[in-house]
Amino acid sequence: MMQIKPTLAFLLILFGLLSNQANSQNLFTNVYGRQVTSLNGEWQYIIDPYETGFFDYRFKEKGERDPGAYWNSGVPWDKTAMIEHGYSDKQTLNVPGDWNSQDRVFLYYEGTVWYKKSFDYQKDAATNRVFLYFGAVNYQADVYLNGKKLGTHKGGFTPFQFEIDAGLLKEKDNFVVVKVDNKRHKDEVPTVNTDWWNYGGITRDVLLVETPEVFVEDYFIKLNSPTASLKPSMKKAEITGWVKLNGAKIGEPVTIEIPELKAKTTINYTGSVASFSMNLKKVKLWSDNNPKRYELVISTSQDQLRDKIGLRKIEVSGKDILLNGKSVFLRGICMHEEYPVEMRRATSKLDALKLLGWAQDLNCNFVRLAHYPHNEHIVRAADSLGMLLWSEIPVYWTIDFGNPEVLEKAKVQLNEMITRDRNRPSIIVWSVGNETPVSPTRTEFMKNLVLKAKELDDSRLVSAALEVHYNKDKNIINDPLGAYTDIVSVNEYLGWYVGLPSYCQTAQWETVYNKPLIFSETGAGAKGGYLADSLTRWSEEYQEWFYKEQVEMMKRMPENYTGLTPWILVDFRSPKRNNPTYQEGWNRKGLIDEKGNKKKAFFVLKRYYEELESNNP
Ligand code: GCB
């Protein structure tokens, strides 16, 4: 008889899958197109560094009905009640928002905070379903409704949701409690060491989402016409895609419609997804020059979901990046999801427009969203402005590459990022990480992520920011991960971490890959308003000189040089930056300072991009 012995690796992977799927459920796409009720606003909180609300005095998880558990409201049942916690309007935090910027006690806090919000809710129809959706919570969220656990989610930058059992939701006096824990751990993604602020809290929108029993969960639409036929305005085009329903029976009809193009097709649901293709007439393609969007309507017998999509094609041909069949140069900049003027996470559409407005002012057509998926407002604003985007998961520096559980965690985040944004035309690159140190284990890990990204979305380019060990003379880009990515992207700081900016004058660059090459970072620190001569570090003049030399070097790059995203649009908070005169907890490589003032180097890059744009309209 054959015996099956599970190998250790298999068990580890299985354990990984189980432990980190936690129990957030299938994510739906396009949450803002659905029937939603916002739970944003003031939430009451308890700060709980010892996790007293979660563990008993023997450090075991408290029982569900334990009145001392902080997922229970802490309201005394009578005057004899012995209760040592409670929620009050004396302590509130704004959602969405990080806690660090809302009260001085939270500035460096890493640990548990309990959030509570009460609400009434009346469903439109008794048979409708209700989900509790979080745009993001950093890092681990344990979610409870009316004292009952809905589930857990890990990962600080991607959305998740739980369905609320019909019997649990009341018309009056519901309360949701979220235990938020932003402690850093070696085996999480990201790991303990990053060059950004570990903002904790419910940092993105919280929504109640009401759906019919059978609803459109997810869909994907892409332009399928051959490259040779692509023109900004096309007589005809072909699109293909799929729709995934939740709760549907096989045979359920699904209609996909783009009213402006008078295009409509009805297909029958086949069980996993329903695939379709459509021929369109008189189509305008979405591009950075003309971000034309069309309304898309997907309907079933019970549900109707609307979105604004853009039709465009992004691909690589030899050394070129082609947008709609035409070679495009990516005039880019990196940015964090942070609004520096108020020293906080960027959370709103207004913040998005401010940040992307700065990038537009710099003459960019491309933004690298570093180093984690940014909020959906930023991506939707980029769709409407025609800003191309790079979106990344926080596989940053030295995460635990040998650990199969960590790989599963990275894959979960990749899946959540792609599920949310697969239909956003602005995103042209999925990035699977940043500056990961070369070794066979790490390359295998990263290759797995590249393949996973392609499996989830075969219509975009996949890349990762690589490190290059530079010197004054020859710099060879040969990281083995470059063999698997569509674009080879490298970070280089010649003239900042190595030597002076004049080193750029003799630097030669070579790559072993016949692929498009992007410089995904370069930069130098300067304190806004500090003026000196160009040899003085931290002065605006040094940074200006750095940019001038970098630009001249870029002009001598091999012909596969197809884009640049310097580090970084705006100064950002980082606890690693402790020079007491110039940094004071800020990474000063911004082209704009923390007050919103443009530094001298801003104008050097702006001029270069103007030149590039006029050469490549
Ligand atoms: C890098 C990292 C980025 C840092 C930057 C710096 O290479 O990718 O996260 O903030 O350098 O300022 O050193």
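Position 1 is the first residue of the sequence; numbering continues from there. In this text, all values refer to a predicted model and were calculated from it rather than measured experimentally. The figures here come from the full heavy-atom set of this structure, side chains too, leaving out hydrogens, waters and symmetry mates. Counting starts at 1 for both ligands and their atoms, following the listed order.
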Aromatic ring pairing Tyr32/His377, orientation class (parallel under 30°, perpendicular over 60°, tilted between): tilted
Salt-bridge criterion met for Lys319 and Glu559 (N-O under 4.0 Å): yes
Which residue and heavy atom of the protein sit nearest atom 7 (O) of ligand 1, plus the separation: Glu435 OE2, 2.3 Å
Salt-bridge present (Glu594, Arg573; N to O < 4.0 Å): no
Ring centers of Trp196, Tyr372 separated by less than 6.0 Å: yes
Ligand-residue contact atoms, ligand 1 with Tyr396, heavy atoms, under 4.0 Å: 2 (C), 3 (C), 4 (C), 9 (O)
Qualifying residue, where the test is side chain to side chain donor-acceptor pair (under 3.5 Å) with Asp571 and the options are Lys589, Lys595, Lys599, His336: Lys599
Structural part of Thr194 in contact with ligand 1, heavy atom criterion under 4.0 angstrom: neither
Distance filter under 4.0 Å to Asn434 heavy atoms, resulting ligand 1 atoms: 2 (C), 8 (O)
Top protein contact for atom 13 (O) of ligand 1, by heavy-atom distance: Tyr497 OH, 2.4 Å
Which of the ligand 1 atoms, numbered from 1, are nearer than 4.0 Å to a heavy atom of Asn587: 6 (C), 10 (O), 12 (O)
Mutual orientation of the aromatic rings belonging to Tyr542 and Trp496 [parallel < 30°, tilted 30-60°, perpendicular > 60°]: perpendicular
Atom 11 (O) of ligand 1 [closest protein heavy-atom partner, distance rounded to 0.1 Å]: Tyr493 OH, 3.1 Å
Phe106 and Tyr45 aromatic centres sub-6.0 Å: yes
Shortest protein heavy-atom distance from atom 12 (O) of ligand 1, along with the residue and atom involved: Lys589 NZ, 2.6 Å
Distance filter under 4.0 Å to Phe572 heavy atoms, resulting ligand 1 atoms: 10 (O)
Stepwise salt bridge (charged side-chain N to carboxylate O under 4.0 Å, His left out) test for Glu584 and Lys527: CA-CA 10 Å; Glu584 302 166 283; Lys527 183 164 159 83; 3.4 Å; yes
Proximal candidate to atom 1 (C) of ligand 1 [heavy atom criterion; set His336, Glu521, Arg588, Arg577]: Glu521
Backbone or side-chain N or O of His371 under 3.5 Å from ligand 1 N or O: yes
Closest protein heavy atom (residue, atom, distance) for atom 10 (O) of ligand 1: Asp195 OD2, 2.5 Å
